[in-house]
2 protein chains.
Amino acid sequence: MEYSVHIRMNERLFLREPESSDLGRRIIRQGILLFNDVGFEEATFRKLAERINTKEASIYRYFENKHRLLVYLVAWYWQWVDFQLVFQTNNLTSPREKLEKLLRLLLLLDLDDSFSDDMDIRALHSTVIREASKVYLTHHVTEDNRQQLFKPYKDLCQRIADIILAYRPDYPYAHSKASSLIETSHYQSFFMQNLPSLTDFKQADSSEPEAMNKLLDFMRHLLFSSLDAV
Amino acid sequence: MEYSVHIRMNERLFLREPESSDLGRRIIRQGILLFNDVGFEEATFRKLAERINTKEASIYRYFENKHRLLVYLVAWYWQWVDFQLVFQTNNLTSPREKLEKLLRLLLLLDLDDSFSDDMDIRALHSTVIREASKVYLTHHVTEDNRQQLFKPYKDLCQRIADIILAYRPDYPYAHSKASSLIETSHYQSFFMQNLPSLTDFKQADSSEPEAMNKLLDFMRHLLFSSLDAV
DNA sequence: GCGTAAATGATAGTATTACTATCAGGTAAA
DNA sequence: TTTACCTGATAGTAATACTATCATTTACGC
């Protein structure tokens with residue numbers, strides 16, 4: 001049995017609903033791959049148009065600009081993570097186990113198939129690691145925030161904070177801890193791959209899993225040492 | 001008595017040494033202010049040229065492009081922090097006190113005068129918080145790393161890791177902890193100011209110090225709970 | 001199947017950005 | 001005083017980031 005869980009997005013993220021047409025879906029799916037291949041700065045709507053055999057102008061009918069497309073993709077990702085978190089922890093009663101699940105989810109371990117709703121989740125995860133902070137590290141962050149563009153990220157943080165508070169009801173930094181957890185998992189992944197001397201997870205050989213498991217250990221240590229502190 | 005400690009920069013960061021001429025110094029000092037005022041994305045060499053009454057082409061004689069100017073400024077900042085850390089902890093024997101000093105330094109508390117070598121440190125700090133990650137979150141990170149552009153950041157991490165290891169000789173994550181500390185202090189500052197629901201530091205009134213002190217408490221908690229864990 | 005509205009393709013055009021090139025004039029050092 | 005170097009000034013190019021227009025195709029309602 002297969003489920004297709006459609007993620008409903010904030011309407012201010014796009015000009016025309018991309019999931020409503022074939023072209024729109026190609027923009028999203030290939031947009032992920034383009035960002036992955038050339039990076040956000042070097043990506044252009046012209047290149048994306050060539051990739052999907054359409055014209056620049058057609059893409060502009062869906063998204064105001066490249067930045068908005070990135071915001072959309074990142075928002076989609078956070079909603080996906082949020083859904084996965086709810087789904088995977090639904091049967092669990094122990095907050096500690098939920099947090100354990102969360103860590104594996106943030107690092108995208110045990111992902112059964114890397115496509116969901118036809119989206120390349122692994123590629124999206126890589127893109128989010130590299131580019132997500134550019135979504136809010138802008139001069140117009142306040143205006144974007146007013147338009148609720150970051151709501152999926154905030155919702156996820158709130159959900160994590162709730163689990164933290166279920167684990168330790170009097171923990172005073174639940175929200176900061178939640179946002180730190182997300183951010184730390186991302187740039188430690190990035191550093192591990194690109195600037196390994198900023199981490200303690202050197203890959204012995206070219207097979208990743210060993211380093212990835214050490215990163216997971218670190219994240220677990222970070223999380224529980226602070227939550228279990230007096 | 002005044003000291004003027006000149007920070008020597010990696011020569012691959014510029015085309016012509018900016019500290020060697022009046023124009024070069026204006027590029028650096030006003031560059032900080034421009035990034036602060038309009039943000040990295042909206043800044044251009046043309047705007048900077050207008051600000052310092054010169055021409056675009058003259059700035060290109062000092063820096064290959066806007067990104068390299070940012071890399072320069074951020075590298076300068078890390079070298080400045082590194083120097084401050086050494087200087088301020090020189091007389092201390094207790095690693096714990098050194099770490100305490102470090103936290104205050106990363107948050108730029110107790111900065112006596114906000115100018116150093118005529119650089120507006122507060123403005124630079126704000127710029128680093130908002131823009132520093134764009135220095136390495138690029139498609140050409142590997143090439144830039146090969147050119148040693150991130151050495152000041154790595155050196156600072158190494159110095160912090162050394163202090164951590166002086167405090168807990170068998171701590172297995174000294175480098176990751178060091179880089180996490182720096183990054184966390186920055187985006188928590190950013191979130192506190194721009195997306196406060198991602199933190200637990202709401203400002204009661206418009207005076208910052210209260211929230212800032214709570215952030216310091218959080219950072220102290222994060223650092224020592226993990227280092228003091230079994 | 002027919003008529004209408006909406007989506008797309010195709011082409012063109014503009015303003016801005018991100019540079020590069022050239023050369024004249026001024027300044028500083030030898 | 002010659003020479004080298006730095007800066008100012010102007011110009012120009014390629015690419016980017018859009019916007020506008022109109023013909024064509026597709027989808028949908030009847």
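Letters go in sequence order (proteins before strands), and every chain restarts at 1. Everything quoted here is computed from the prediction, not taken from an experiment.
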- Length of the line joining B:Leu69:CG and C:dA18:C1', which is rounded to integer Å: 14 Å
- Item | Among C:dA10, C:dT17, D:dT10, the one nearest A:Lys55 by side-chain distance | C:dA10
- Query: So which pairs with a foot in residues 180-201 of chain B pass salt bridge (charged side-chain N to carboxylate O under 4.0 Å, His left out), sequence neighbours left out?
  - Reply: none
- Note on the structure: Within residues 16-30 of chain A, the residues having a heavy atom closer than 4.0 Å to DNA chain C are A:Arg16, A:Ser21, A:Leu23
- Query: Does OP1 or OP2 of C:dT17 have a side-chain N or O of B:Thr44 closer than 4.0 Å?
  - Reply: no
Sub-3.5 Å pairs of nitrogen or oxygen atoms, protein against nucleotides 19-24 of chain C:
residue, atom, partner, partner atom, Å
C:dC19, O5', B:Tyr60, OH, 3.1
C:dC19, N4, B:Glu56, OE1, 3.2

- Is the shortest side-chain N/O distance from A:Tyr62 to OP1 or OP2 of C:dT8 below 4.0 Å? yes
- Return each pair, listed once, that meets salt bridge (charged side-chain N to carboxylate O under 4.0 Å, His left out) where at least one residue sits in residues 78-90 of chain B; pairs must be two or more places apart or across chains. B:Asp82-B:Arg159
- Message: Any side-chain N or O of B:Thr54 below 4.0 angstrom from OP1/OP2 of D:dT7?
- Response: no
- Message: Checking A:Asp110 now: which residues fulfil side chain to side chain donor-acceptor pair (under 3.5 Å) with it, not counting sequence neighbours?
- Response: A:Arg104
- Item | For atom CZ of B:Arg68 and atom C1' of C:dA18, their distance in whole Å | 16 Å
- For A:Glu143, salt bridge (Lys or Arg N to Asp or Glu O under 4.0 Å) partners two or more places apart: A:Arg146
